[in-house]
K.L.:
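Below is one structure. I have some questions about it.
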Amino acid sequence: EAWTTLFVLTILYWFSSLDRQVVALLVTPIKRDLQLSDVQIGLVQGMAYAFAFATASLPVGWLVDRVSRRGVIYVGMTLWSVSAAASGLARNFAQLFGARAGVGAGEATLQPAGFAILADLFPGTKILGCWPFRVTRNSELYIDEEDSSNLLKAVETELHNRRKGDAVRLEVDHDCPEQIRAALLK
């Protein structure tokens, strides 16, 4: 049961990460369809999610010690799933902002409840720390200032060079201990 739960929580964290990042993948069509400004899309991507996540985290942490942890995760998953769907149905900035805040508040339940469940299922084992890392597609383009006069050519060159180079990069939290960082880079 313990390893199955760990597997399920890992899948839930994966979905949580996907829901968190989906707006970044769809910035252009969202801006176009909802006629959002750069400031509005920035607020939807950052403030809506982050403020709700941070605001919900403390009460959720308190709640996890007092009620069913599985129930907390269930309610949080339901909230973030319904909110993610509402994000796709949003017709204006306010609706999208509220939906993304719902995603943040719902996802705030997963980490405290998940850690508490794992501590119960693996007695004698301590979670000494949590350091996020991720493998991402190298999405930045390096454009030399001298090449900016012909932007299209510079982008084409960079995309061509990318085919020959590494397609992904590893991002590790700056607080991650060196021995863990070394193990990830082996």
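Just so it is clear, the values below take in all heavy atoms, side chains as well, and ignore hydrogens, waters and symmetry mates. From a predicted model like this one, the values you see are computed outputs, not experimental measurements.
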K.L.:
For W14, is there any backbone N or O sitting under 3.5 Å from a side-chain donor or acceptor partner on S17?
P.N.:
no
K.L.:
Strictly distance-based, threshold 3.5 Å: is any side-chain N or O of R181 a donor or acceptor partner for the main-chain N or O of C176?
P.N.:
yes
K.L.:
As an exercise, state the distance from CG of L79 to OG1 of T109, rounded to the nearest 0.5 Å.
P.N.:
8.0 Å
K.L.:
Does a donor on one side chain sit under 3.5 Å from an acceptor on the other, for Y13 and Q111?
P.N.:
no
K.L.:
Is it true that the side chains of S16 and R20 contain a donor and an acceptor less than 3.5 Å apart?
P.N.:
yes
K.L.:
Atom CG of D120 and atom OG1 of T125: how far apart are they, to the nearest 0.5 Å?
P.N.:
12.0 Å
K.L.:
Find out if a path of hydrophobic residues (ILVMFWY) with successive side-chain heavy-atom gaps under 4.5 Å connects W62 to L110.
P.N.:
no
K.L.:
Which atom names give the shortest non-hydrogen contact between A56 and A108, and what distance separates them?
P.N.:
CB-CB, 3.8 Å
K.L.:
Are V67 and Y74 in one and the same hydrophobic cluster, where Ile, Leu, Val, Met, Phe, Trp and Tyr link if side-chain heavy atoms are under 4.5 Å apart?
P.N.:
no
K.L.:
Report yes if some heavy atom in the side chain of F97 is under 4.5 Å from a heavy atom in the side chain of Y49; otherwise report no.
P.N.:
no
K.L.:
Is it possible for you to say whether L43 and L26 belong to one hydrophobic cluster, with membership spreading through side-chain heavy-atom contacts below 4.5 Å?
P.N.:
yes
K.L.:
Between Q40 and S37, is there a donor-acceptor pair closer than 3.5 Å when you use the side chain of the first and the backbone of the second?
P.N.:
yes
K.L.:
Would you name the heavy atoms of A24 and V27 that are closest together and state the gap between them?
P.N.:
O-CG2, 3.6 Å
K.L.:
Got a second to check how far I41's CD1 is from K31's NZ, nearest 0.5 Å?
P.N.:
7.5 Å
K.L.:
If we ignore hydrogens and angles and just use 3.5 Å, is the side chain of R69 paired with the main-chain N or O of V64 as donor and acceptor?
P.N.:
yes
K.L.:
Within the 4.5 Å heavy-atom criterion, are I30 and V23 side-chain neighbours or not?
P.N.:
yes
K.L.:
Step through it carefully: locate the ring centre of F122, locate the ring centre of W3, and say whether they are under 6.0 Å apart.
P.N.:
yes
K.L.:
Side-chain heavy atoms nearer than 4.5 Å, only ILVMFWY residues, links allowed to pass through others: does that put F15 and F7 together?
P.N.:
yes
K.L.:
Please output the side-chain donor-acceptor pairs of residues 84-93 that fall under 3.5 Å, not counting sequence neighbours, one pair per line with the distance.
P.N.:
residue: S87; atom: OG; partner: S83; partner atom: O; Å: 3.0
residue: N92; atom: OD1; partner: A94; partner atom: N; Å: 3.2
residue: N92; atom: OD1; partner: Q95; partner atom: N; Å: 2.8

K.L.:
Would you check if I73 and I117 make a side-chain contact, meaning some heavy-atom pair closer than 4.5 Å?
P.N.:
yes
K.L.:
Which pair of non-hydrogen atoms, one from A2 and one from L121, has the smallest distance, and what is that distance?
P.N.:
CB-O, 3.7 Å
K.L.:
Quick check: closest heavy atoms across V60 and P112, and the distance to 0.1 Å?
P.N.:
CG1-CG, 3.7 Å
K.L.:
Taking a hydrophobic cluster as the set of Ile, Leu, Val, Met, Phe, Trp and Tyr residues connected by side-chain heavy atoms closer than 4.5 Å, whether directly or through intermediates, do F53 and F51 fall within one such cluster?
P.N.:
no
K.L.:
Rounded to the nearest 0.5 Å, how far apart are CZ of R100 and CG of D19?
P.N.:
7.0 Å
K.L.:
To the closest 0.5 Å, what do you measure between CG (D33) and CG (L96)?
P.N.:
11.0 Å
